[in-house]
Number of protein chains: 2
Amino acid sequence: MVTRLGDEAAAGRELAHPARSEIRLEQVLHALADPMRLAVVRALAAASEQLACSAIELPVSKSTSTHHFRVLRESGVIRQDYRGTAKMTCLRREDLDARFPGLLDSVLAAAAGQENAGR
Amino acid sequence: MVTRLGDEAAAGRELAHPARSEIRLEQVLHALADPMRLAVVRALAAASEQLACSAIELPVSKSTSTHHFRVLRESGVIRQDYRGTAKMTCLRREDLDARFPGLLDSVLAAAAGQENAGR
DNA sequence: GCCGTAGTACGTTGTCTGTCAAACTACGAT
DNA sequence: ATCGTAGTTTGACAGACAACGTACTACGGC
């Protein structure tokens, strides 16, 4: 059957992101509460660059990865856009810092501290 | 049938709390991600005193309240102990600040900001 | 001793979440 | 045009979660 394209593609498949003022604290906390997603956020924070999805090794299947990236995007934690065949991902640092000052940094520090200090 | 008591009561029913070093970031974030529990934490932070469970009005049944308080306690966010017929509850500020510096404050500030600023 | 109040435990129900496999779409290179 | 690579979509499934009602336990006062 036909390509079923044309919905909103045309210029290259835009992805929906919440506006800065639409970001909800509960959703951000929920997004960060999953170990897999927290690992993604830590990797993005460490890189401070745009990364392809595939650049972040997750021990799960592709479809599960897609799911986690979607949760992060819809909660406003990351931004994604297509760049050719790859999908580039970056943290929405500015937006998060503006809306919830200090939150992201303290979570990242906490994650790092917890891992190093161990028990 | 018999009282079935005596397990660990005797001195007045102690409750299990995780040690400071046992507190896990993911569990804390998960505990705070629920609107009901976040409201409890905000109330406790505002009071900066011990409160009885019943002093925090939640629009849910008693058993659901018990559930939320247990999640908060088992994740290390609050401390509870019996005082006669009431169960007193307080935030574990020191422990949280020591383990995850700045986290609690930024979450509380974010919650307050989100509520005031609205959309 | 008996009752009321405060909270717990248990069993249930409906929803959400994390995971996967398999089939599919889109883009770039050959 | 064909192929491989990157990621999506769908459907399924098990486990977790929030909420409830009811029955229960514990403590303090009458």
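Proteins get letters first, then strands, A, B, ... in listed order; numbering begins at 1 in each. Every value quoted in this text rests on a predicted model; they were computed, and no experiment measured them.
With sequence neighbours left out, Thr66(A) forms a side chain to side chain donor-acceptor pair (under 3.5 Å) with no residue at all. Residues that satisfy the side chain to side chain donor-acceptor pair (under 3.5 Å) test with His68(B), not counting sequence neighbours, are Arg37(B). Not counting sequence neighbours, the partners of Asp81(A) by the side chain to side chain donor-acceptor pair (under 3.5 Å) test are Arg83(A). Judged as a side-chain contact (heavy atoms from CB on, under 4.5 Å), and not counting sequence neighbours, the contacts of Pro18(B) are Glu22(B), Arg92(B).
Atom CZ of Phe69(B) is separated from atom P of dA9(C) by 15 Å (rounded to the nearest Å). In this structure, Arg83(A) places its CZ atom 12 Å from P of dG28(C), rounding to the nearest Å. Atom CG of Leu58(A) and atom P of dG7(D) are 11 Å apart (whole Å). Summarising the geometry, the separation between CD1 on Ile78(A) and P on dG7(D) is reported as 12 Å, rounded to the nearest angstrom. The distance from atom OH of Tyr82(B) to atom P of dG28(D) is 13 Å, rounded to the nearest whole Å. Atom CD of Glu26(B) and atom P of dG18(C) are 13 Å apart (whole Å).
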Give me the distances for all protein-to-nucleotides 15-20 of chain D N/O pairs that come in under 3.5 Å?
unit_1: dA18(D); atom_1: OP1; unit_2: Arg37(B); atom_2: NH1; d: 3.1
unit_1: dA18(D); atom_1: OP1; unit_2: Arg37(B); atom_2: NH2; d: 2.7
unit_1: dA18(D); atom_1: OP2; unit_2: His67(B); atom_2: NE2; d: 2.6
unit_1: dA19(D); atom_1: OP2; unit_2: His68(B); atom_2: NE2; d: 2.4
unit_1: dC20(D); atom_1: OP2; unit_2: Ser61(B); atom_2: N; d: 2.8
unit_1: dC20(D); atom_1: OP2; unit_2: Ser61(B); atom_2: OG; d: 3.3
unit_1: dC20(D); atom_1: OP2; unit_2: Thr64(B); atom_2: OG1; d: 3.1

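Side-chain contact check for Val40(A) versus Leu58(A): some heavy-atom pair is nearer than 4.5 Å.
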For residues 25-32 of chain B, tabulate all N or O donor-acceptor pairs below 3.5 Å that involve a side-chain atom, not counting sequence neighbours.
unit_1: Glu26(B); atom_1: OE1; unit_2: Arg24(B); atom_2: NH2; d: 3.4

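Between Ala86(A) and Arg70(A), it is Ala86(A) whose nearest contact on DNA chain D lies nearer the 5' terminus.
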